[in-house]
Structure formats: C-alpha cells, structure tokens
*Asks:* 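Mind looking over this structure? Questions follow.
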Amino acid sequence: MRALVAGKVGEPADVLRLESRPVPTPEAGQALIRVKATPIHASDLHVLRGRYGFSPEFPTVGGHMECVGRIEALGPDTEGLKIGERVVAVAVPAVPGPHMAGTWQEYLVADMRRLLPVPGHLSDSSACQLAVNPLTALLLVTRELDVQPGEWVLQRMAETRATGRTRPGRARRRCGCGGAT
C-alpha cells in the first residue's frame, strides 16, 4: 500500500514522502480500514511541524485526525461493526492509550472504539470531516462558552471555516438560543 510518511519534524512539503508499506493486520478489538477520503486539517500540518499538543514518533504517516473508509477485516474476537461497513475513523490524540495510525495511507488499523458508522446519504468527502470540526464546535459551545438557554452566540470571521460554520446551529440545538453569523 502507499502512505505519505514524514521522517522528521519539518515543513510538510519538505518532510513528506510517498512510501510503499505492507498492509497492517488488525488485532483483537481493531479493524482494518481501506481509506477512501481524508481531510487535511491545519492541526495535521502543525503536528508535522512540531507545533501541536502532541508529537508522534517519527517516521510517522501524516494525518492524525479522521478519515472515511470501509472495513476490510476485523481482528480476532472483534464485535460491533461488520466487514464492508462504511465508517469514519477518529483519532483523539489527547486521550491516553494507543492512537490510530496516520490517515494519509491506503489502509490503516483503528481501534473499534474510534469508529463511527456513516449514514449512506453522505459523500466520502463530507463524511471524512464528520467528527473533528463538529465536535470541536460542540465543545466550544457547551464547555468553553457554556451557552445557556436564552443566550446568543455571535460569531465573526470564522464562518468560512468548517468549525465556525457548525457553531451557531449547535448553540441553537443546545439551548434554543439565537445564533448569528
């Protein structure tokens, strides 16, 4: 399989190389995902530059946030989702424990707890962005801003970014308050 691999910290254009690697094998509680689409988050680029809240061991496959694909194989005694099911694989670097491999590769192994089934009506390009930005917006509204019923959310300058576009709707659903962009 092909993978975009960074051998060291640096500017992505300088450190990323296309490499051939063996297809990984899932262990118990894991699934092998054939990646169909993966976004390039600003945080993915910051990870490669060494300017993010965590640093992977190098060499590392780029893309540490999310992707969409189909389950190709399951590890032994693995239950839940089925082979052939379309899923979003989500990495949460702040959570202790083993992390999903980078998403900028044709196949990856992910823990079953990091997989979400994808609704059939979503395209791969939409589904691959299903988790990180909407969850970031939800956390901003519920934990950081602590929006209460009747309060307003005023948003400026961020409406062109994915996280910003989802914040007003999440605020309205949480508390029935108004939101303006």
*Asks:* Under a 4.5 Å side-chain heavy-atom rule over Ile, Leu, Val, Met, Phe, Trp and Tyr, are Val9 and Tyr52 clustered together?
*Replies:* no

*Asks:* Hey, could you give me the OG1/CG distance between Thr38 and Asp124, rounded to the nearest 0.5 Å?
*Replies:* 11.0 Å

*Asks:* Which heavy atom in Cys128 sits nearest to a heavy atom in Ser125, and how many Å separate them?
*Replies:* SG-O, 3.4 Å

*Asks:* Do Glu19 and Arg21 sit within salt-bridge range, that is, some charged N less than 4.0 Å from a carboxylate O?
*Replies:* yes

*Asks:* Taking atom CE of Met65 and atom SG of Cys67, what is their separation to the nearest 0.5 Å?
*Replies:* 12.5 Å

*Asks:* To the nearest 0.5 angstrom, please state how far the CZ atom of Arg86 sits from the CG atom of Leu115.
*Replies:* 13.5 Å

*Asks:* Quick check on the hydrophobic clustering: are Val35 and Leu74 connected, directly or via other members, by side-chain heavy-atom contacts under 4.5 Å?
*Replies:* yes

*Asks:* Between Arg51 (side chain only) and Leu48 (backbone N and O only), is there a donor and an acceptor less than 3.5 Å apart?
*Replies:* no

*Asks:* According to a hydrophobic-cluster definition based on side-chain heavy atoms being under 4.5 Å apart (Ile, Leu, Val, Met, Phe, Trp, Tyr only), do Met1 and Val5 belong together?
*Replies:* no

*Asks:* Ignoring hydrogens and angles, write down the donor-acceptor pairs under 3.5 Å from the side chains of residues 77-84, residues two or more places apart or on other chains.
*Replies:*
residue : atom : partner : partner atom : Å
Thr78   : OG1  : Gly29   : N            : 2.9
Thr78   : OG1  : Gly75   : O            : 2.9
Thr78   : OG1  : Pro76   : O            : 3.3

*Asks:* If every non-hydrogen atom of Pro24 is compared with every non-hydrogen atom of Leu32, which pair is closest and at what distance?
*Replies:* O-CD1, 3.5 Å

*Asks:* What is the minimum heavy-atom distance between Thr103 and His64, and which atoms define it?
*Replies:* OG1-N, 4.4 Å

*Asks:* Quick one, His41 with Gln129, criterion side chain to side chain donor-acceptor pair (under 3.5 Å). Give me CA distance, side-chain angles, the key distance, then yes/no.
*Replies:* CA-CA 9 Å; His41 289 287; Gln129 302 175 64; over 6 Å; no

*Asks:* Are Glu11 and Arg49 close enough that some pair of their side-chain heavy atoms sits under 4.5 Å apart?
*Replies:* yes

*Asks:* Is the count of non-hydrogen atoms from other residues, nucleotides or ligands lying under 6.0 Å from Arg2 atom CZ greater than 12?
*Replies:* no

*Asks:* Please report the shortest heavy-atom distance between Val61 and Trp104, naming the atom on each side.
*Replies:* CG1-O, 3.5 Å

*Asks:* Find the distance between CD (Glu27) and OG1 (Thr25) and round it off to the nearest 0.5 Å.
*Replies:* 8.5 Å

*Asks:* Which heavy atom of Ala127 sits nearest a heavy atom of Val88, and at what distance?
*Replies:* O-CG2, 3.2 Å

*Asks:* Do Ile33 and Met112 sit in the same hydrophobic cluster, where Ile, Leu, Val, Met, Phe, Trp and Tyr count as joined when their side-chain heavy atoms come under 4.5 Å apart?
*Replies:* yes

*Asks:* Can you check side-chain contact (heavy atoms from CB on, under 4.5 Å) on Val87 and Ile71, steps first, answer last?
*Replies:* CA-CA 7 Å; Val87 294; Ile71 296 176; 4.0 Å; yes

*Asks:* With rounding to the nearest 0.5 Å, note down the distance linking CG in Leu4 to CG in Asp44.
*Replies:* 11.5 Å

*Asks:* Going through the distances and angles, do Glu106 and Arg34 end up as a salt bridge (Lys or Arg N to Asp or Glu O under 4.0 Å)?
*Replies:* CA-CA 6 Å; Glu106 291 179 300; Arg34 184 178 195 314; 5.3 Å; no

*Asks:* Which heavy atom of Gly10 sits nearest to which heavy atom of Val15, and what is that distance?
*Replies:* CA-CG1, 3.7 Å

